[in-house]
Amino acid sequence: MKKNLIHLFLFSTTFFLFSCGGGNKASEEASAEKKEEIESFVEKEFTYPLPTAFEVSQMLGNANTSYSPDVVSDPSRVDEYVATWQKAANLGVYGADLSYAATFDKTQETIDFLDVSKKLIDDLNITSAFNESMAQRIENNMDNIDSLIFIVTESFYDTYNYLNANGEEKTSILVIAGSVIEGLHITCELVKMSENKGELMAVLANQKAQVVKLVELMENHQDDENVSKVLPNLRYINLVYDQLGESTEMTDGQFNDIANSVKEMRDHIVG
């Protein structure tokens with residue numbers, strides 16, 4: 001179970017970390033080298049299942065997307081999240097936003113998301129997974145996207161590893177749910193803003209596997225009060241994805257169904 005959780009998080013997080021930068025050859029080669037480094041890091045304990053993640057990221061990079069502050073969660077609202085499930089799910093949301101901001105070299109936004117992520121980690125009593133040294137490493141590498149990719153991935157790996165090692169598997173699932181939902185949300189919003197909708201909708205279709213796996217993981221804890229606050233909406237999103245079958249093509253109607261479902265789920269988490 002722990003392997004599946006790490007796999008799902010790494011897919012959703014590296015999806016954005018590798019994706020939206022430039023599409024030039026040098027950038028692609030650097031990203032490929034960093035992907036190999038991350039794979040080597042994770043393979044110390046886990047099998048790294050990302051056969052299509054870099055392909056998806058290349059599609060986003062070639063689609064001329066840009067950073068939009070309107071699609072991310074507001075860091076100033078962090079104190080509104082009181083319940084444990086809210087803290088966990090929004091830690092995932094802010095983690096995805098951090099990756100998105102860092103990919104587009106938005107230094108201040110990255111620091112802001114880093115700060116609120118640290119606060120939620122403190123609130124969830126998992127501070128040993130994110131220490132001052134880690135925060136300093138991130139701030140020192142704000143101008144080096146390749147190093148930042150690895151450091152952020154490592155920090156969240158440590159967070160999930162800590163949660164699972166300390167019997168907090170349900171909390172780690174909620175963190176991942178927030179990350180996956182925010183990733184879907186950002187992609188949907190980029191589709192709406194882009195003139196190249198067809199290519200980006202294919203990227204969205206390729207995220208079906210994340211939702212399928214997440215629902216499968218959460219079904220194992222469906223009787224948990226906190227998991228039950230998230231699972232029903234994810235089940236519905238999963239049903240909408242079922243309409244696609246094996247196709248990566250998506251009609252406007254199917255996109256609207258997914259986008260509306262994602263919005264409802266995200267509104268439930270972010271408020």
Margin query: Suppose the criterion is ring pair (Phe, Tyr, Trp, His ring centres under 6.0 Å): which pairs have a residue in residues 242-271, not counting sequence neighbours?
Written below: W85-H268
Notebook entry, point to check: What residues, two or more places apart in sequence or in another chain, satisfy salt bridge (charged side-chain N to carboxylate O under 4.0 Å, His left out) together with E189?
Noted result: K192
Notebook entry, point to check: Taking the side chain from S228 and the backbone from E225, do they hold a donor-acceptor pair closer than 3.5 Å?
Noted result: yes
Next item on the list: Any chance you could lay out the side chain to side chain contact (heavy atoms under 4.5 Å, CB included) test for M201 and D252, step after step, and finish with the verdict?
Entry: CA-CA 9 Å; M201 284 197 288; D252 288 340; 3.7 Å; yes
Checklist line | Rounded distance [0.5 Å steps], CZ in R235 versus CG in L214 | finding: 11.5 Å
Checklist line | Short side-chain to backbone donor-acceptor contact, S117 and F113, under 3.5 Å | finding: yes
Check: Partners of Y236 by ring pair (Phe, Tyr, Trp, His ring centres under 6.0 Å), sequence neighbours excluded?
Finding: none
Note to self: Using modelled atom types and a 3.5 Å cut-off, is there a donor and acceptor pairing between side-chain atoms of Y94 and backbone atoms of S179?
What the structure shows: no
Margin query: If you define the side chain from C-beta out and look only at heavy atoms, does anything of N233 sit under 4.5 Å from I181?
Written below: no
Note to self: Under the salt bridge (charged side-chain N to carboxylate O under 4.0 Å, His left out) definition, can you give me all pairs with a residue in residues 257-267, not counting sequence neighbours?
What the structure shows: E182-R266, K263-D267
Item checked: Heavy-atom side-chain contact between L120 and V116 under 4.5 Å -> no
Margin query: If the condition is salt bridge (charged side-chain N to carboxylate O under 4.0 Å, His left out), which residues does K208 pass it with, not counting sequence neighbours?
Written below: none
Notebook entry, point to check: Can any side-chain N or O of D97 pair as donor or acceptor with the backbone N or O of S73 at less than 3.5 Å?
Noted result: yes
Next item on the list: Quick one: list whatever passes side-chain contact (heavy atoms from CB on, under 4.5 Å) with S68, sequence neighbours left out.
Entry: D70, V71, Y100, M193
Margin query: Strictly distance-based, threshold 3.5 Å: is any side-chain N or O of N90 a donor or acceptor partner for the main-chain N or O of I269?
Written below: yes
Notebook entry, point to check: So, do V240 and Q254 sit near enough that their side-chain heavy atoms are less than 4.5 Å apart?
Noted result: no
Next item on the list: Keeping the roles fixed (side chain from N238, backbone from L234), state whether a donor-acceptor pair exists under 3.5 Å.
Entry: no
Checklist line | Carboxylate-amine/guanidinium contact K119 D79, below 4.0 Å | finding: yes
Next item on the list: From the options D115, V72, D112, L114, select the one residue that forms a side-chain contact (heavy atoms from CB on, under 4.5 Å) with L98.
Entry: L114
Next item on the list: Step by step, work out the side chain to side chain contact (heavy atoms under 4.5 Å, CB included) result for L184 and V211.
Entry: CA-CA 9 Å; L184 290 167; V211 176; 3.7 Å; yes
